[in-house]
Amino acid sequence: MSIFEYNGSAVVAMVGKNCFAIASDRRLGVQLQTIATDFQRISKIHDRVFIALSGLATDVQTLYQRLVFRHKLYQLREERDMKPETFASLVSAILYEKRFGPYLCQPVIAGLGEDDKPFICTMDSIGAKELAKDFVVSGTASESLYGACEAMYKPDMEAEELFETISQALLSSVDRDCLSGWGGHVYVVTPTEIKERILKGRMD
Amino acid sequence: MDLLKVNWGRRKHSLFYYLFLASKQLFPLDLYLFSPNPFRFDQPSSSSRLFDFGRMSQAGVDVPAKGGFSFDLCKRNDMLIQKGLKAPSFLKTGTTIVGLIFKDGVILGADTRATEGPIVADKNCEKIHYMAPNIYCCGAGTAADTEAVTGIFLSNIDMVSSQLRLHRYQTGRDSRVITALTLLKKHLFSYQGHVSAALVLGGVDITGPHLHTIYPHGSTDTLPFATMGSGSLAAMSVFEAKYKEGLTRDEGIKLVAEAICSGIFNDLGSGSNVDICVITKGHKEYLRNYMEPNPRTYVSSKGYSFTKKTEVLRTKITPLMERVEITEVGEAMEE
């Protein structure tokens, strides 16, 4: 069993028209036993940048705390929030620093940049950035997610349609993965509001 | 797996620790490449000069001033591997990368597929990296390594592109390709092949056009045409058949595109589009997605429509503050 399959996870982010959506499953398990059904994988860095981490849960929490620390320092020095591109470079540098003993998690970063242009990217566990214009996926259900998103994604979707698409892609993919699921957690962010929704999914 | 644990004296250490020691002997000046001894957790490292919380361990502080790699999670990861959990696989770039020298300069080419095991992770990634205004480098191997070794995003000054820039400021001259080559091979050799980046470096400087290949262990070759990556054999067969000296720009681009295409269609690790970069004296042209021989033609124009909506348990809406622009109107206050 791979280290990433120890806790199980599924994370996906999609780009819409001046908005983005980021979604994850809610299961926390220890191999095949489920420990919690409300695990928080998506974290807010600031109002316009979100990061979701998949992989080993302990590294997910540690890395999140380190990133919030670095962002707060940045806010104190620069007196403004970090842009999503800068934040992605920061995460990449922190992960690459541990190249030979890496954090065992794969982040998905999503944010609204200048002029409300949405930005998404994902990385492997040592910080190789992968920018995409449509969607990015991560976690044990990533193969199903690739397939579902390729089929369901359309460019320039509005917030409501984007929510529907990302939810359907997430729920159908985690249904095919034993290690993730137990509902979904979706954030849809537009320039004026953040909508956080908990989805009802199969609890098996 | 026993290879990783070397019984040397009283304590067992991982091989990385001994590489660190060995390289200290060979390259005393390269000490700055590594963070301080990772096994001495009791002393605050020099990197915590900004946040010296007394006896806070090095592992707790997150702002290493010296840069370089930190090995503090190695022990824990080794323990997990011993317990039977497989190590993670990294994003590789599979790849076909090529370069050739033509009449007026150098042409570099690359495919655009990034793989994670057998899955295509990125269908359109960039493999031709900027090193200097007149020098570009294509990278194959582990994606994070090729990005880091050629990049400037790390504050660590060891990364070659930033080192070249500092060198340009110091000397007041344009960088030479041989300088980039020496910096890259020094960096890769000092990590003994563990930084898995195979590169094709090309550029035009005051001494003319140059093309080099660099292997992950640090060896280099200087060639008139070169290919690297999993698709290198497919591309090299095209070059060996059709390359001649004194090619014009268009002939060169056509040949490079053909070599990359042969890699894309015949090698499973390479795919998607062709990127080309043409460097001549004083001028460069980066043709991103020069050719797209694999377009997506099966997309349905209607798209998906979902008849059954997803069920939502809870919704929480957080309105975001409007961004306020403050413009100064009126006179300044008098002192």
query: Among A:Ala151, A:Ala128, A:Gly55, who wins on heavy-atom pairs under 4.5 Å with chain B?
result: A:Ala128

message: Strictly distance-based, threshold 3.5 Å: is any side-chain N or O of A:Arg99 a donor or acceptor partner for the main-chain N or O of B:His194?
response: yes

query: Given that the side chain runs from C-beta out, which part of A:Thr190 has a heavy atom under 4.5 Å from chain B: side chain, backbone, both or neither?
result: backbone

field: A:Leu170 CG to B:Thr310 OG1 distance, which is reported to the nearest 0.5 Å
entry: 10.0 Å

- request: Sort A:Gln65 into side chain, backbone, both or neither according to what part of it lies under 4.5 angstrom from a heavy atom of chain B.
  value: neither

query: Which of residues 193-203 of chain A get closer than 4.5 angstrom to chain B, counting heavy atoms alone?
result: A:Glu193, A:Ile194, A:Lys195, A:Glu196, A:Arg197, A:Ile198, A:Leu199, A:Lys200

query: Can you pull the side-chain hydrogen bond (donor to acceptor under 3.5 Å, both in side chains) pairs that have at least one residue in residues 145-154 of chain A, sequence neighbours excluded?
result: A:Glu150-B:Lys123, A:Glu150-B:Arg296, A:Lys154-A:Glu161

- prompt: Can you name the residues that form a ring-ring contact (aromatic ring centres under 6.0 Å, His included) with A:His46, not counting sequence neighbours?
  reply: A:His71

statement: One should read off an interatomic distance between B:Leu73 CG and A:Thr62 OG1, to the nearest 0.5 angstrom, of 8.5 Å

message: How long is the straight-line distance from CG of A:Asp124 back to CZ of B:Phe90, given to the nearest 0.5 Å?
response: 7.0 Å

query: Looking at B:Leu80, B:Asp145, B:Thr315, which one has more heavy-atom pairs under 4.5 Å with chain A than the rest?
result: B:Asp145

message: Return the CG to OG1 distance between B:Asp122 and A:Thr122, rounded to the nearest 0.5 Å.
response: 10.0 Å

message: For the backbone of A:Pro102 and the side chain of B:Asn77, can you confirm whether one donor and one acceptor N or O come within less than 3.5 Å of each other?
response: yes

- prompt: If you look at every heavy atom in A:Arg26 and B:Arg314, which pair is closest and at what distance?
  reply: NH2-NH2, 4.3 Å

- prompt: Is it the side chain or the backbone of A:Leu95 that comes within 4.5 Å of chain B heavy atoms, both, or neither?
  reply: neither

- line: When the 4.5 angstrom heavy-atom criterion is applied to A:Thr192 and chain B, the contacting part is backbone

query: Given a strict heavy-atom distance threshold of 4.5 Å, which part of B:Ile119 is in contact with chain A: side chain, backbone, both, or neither?
result: side chain

field: Residue, of A:Gln168, A:Gln106, A:Lys133, that accumulates the most heavy atom pairs under 4.5 Å with chain B
entry: A:Gln168

- prompt: How about B:Leu313: does its CG atom have over 12 heavy atoms from other parts shown lying under 6.0 Å from it?
  reply: yes

field: Side chain / backbone / both / neither for A:Leu171 at chain B, heavy atoms under 4.5 Å
entry: side chain

query: Just wondering, are more than 12 heavy atoms of other shown residues or ligands nearer than 6.0 Å to CG in A:Leu76?
result: yes

query: Where do A:Asp59 and B:Arg76 land on the side-chain contact (heavy atoms from CB on, under 4.5 Å) test, with the steps shown first?
result: CA-CA 11 Å; A:Asp59 280 347; B:Arg76 178 207 63 166; 2.7 Å; yes

- request: Give, as side chain, backbone, both or neither, the part of B:Val195 having an atom under 4.5 angstrom from any heavy atom of chain A.
  value: both

task: Measure A:Thr58 against the heavy atoms of chain B and call it side chain, backbone, both or neither at under 4.5 Å.
output: side chain

query: When rounded to the nearest 0.5 angstrom, what distance separates CD1 in B:Ile81 from CD1 in A:Ile3?
result: 5.5 Å

task: Can you establish whether the number of heavy atoms outside A:Glu79 located under 6.0 Å from its atom CD is more than 12?
output: no

Value rounded to 0.5 Å, distance of CD in B:Glu311 from OG in A:Ser167: 12.0 Å

Heavy-atom side-chain proximity of A:Tyr187 to B:Thr318 below 4.5 angstrom: no

More than 12 heavy atoms from other groups under 6.0 Å of CZ on A:Arg176: no

- prompt: Is the closest side-chain heavy-atom distance between B:Val312 and A:Val186 below 4.5 Å?
  reply: no

- line: If one checks every heavy atom of B:Glu126 against chain A at 4.5 Å, the contacting part turns out to be neither

Residue pair B:Cys74 / A:Gly101: nearest heavy atoms and the distance that separates them: SG-CA, 3.8 Å

message: Over 60° means perpendicular and under 30° means parallel, so tell me whether B:Phe69 and A:Phe100 are parallel, tilted or perpendicular.
response: perpendicular

message: If I measure from the heavy atoms of chain B, does A:Glu143 come under 4.5 Å with its side chain, its backbone, both, or neither?
response: side chain

- line: Nearest heavy-atom contact between B:Phe306 and A:Thr165 is CE1-CA, 3.8 Å

field: Residue part contacting chain A, namely of B:Asn124, when any heavy atom lies under 4.5 Å
entry: neither

message: Applying a heavy-atom distance below 4.5 Å, give me the residues of residues 4-13 of chain A that approach chain B, sorted by number.
response: A:Phe4, A:Tyr6

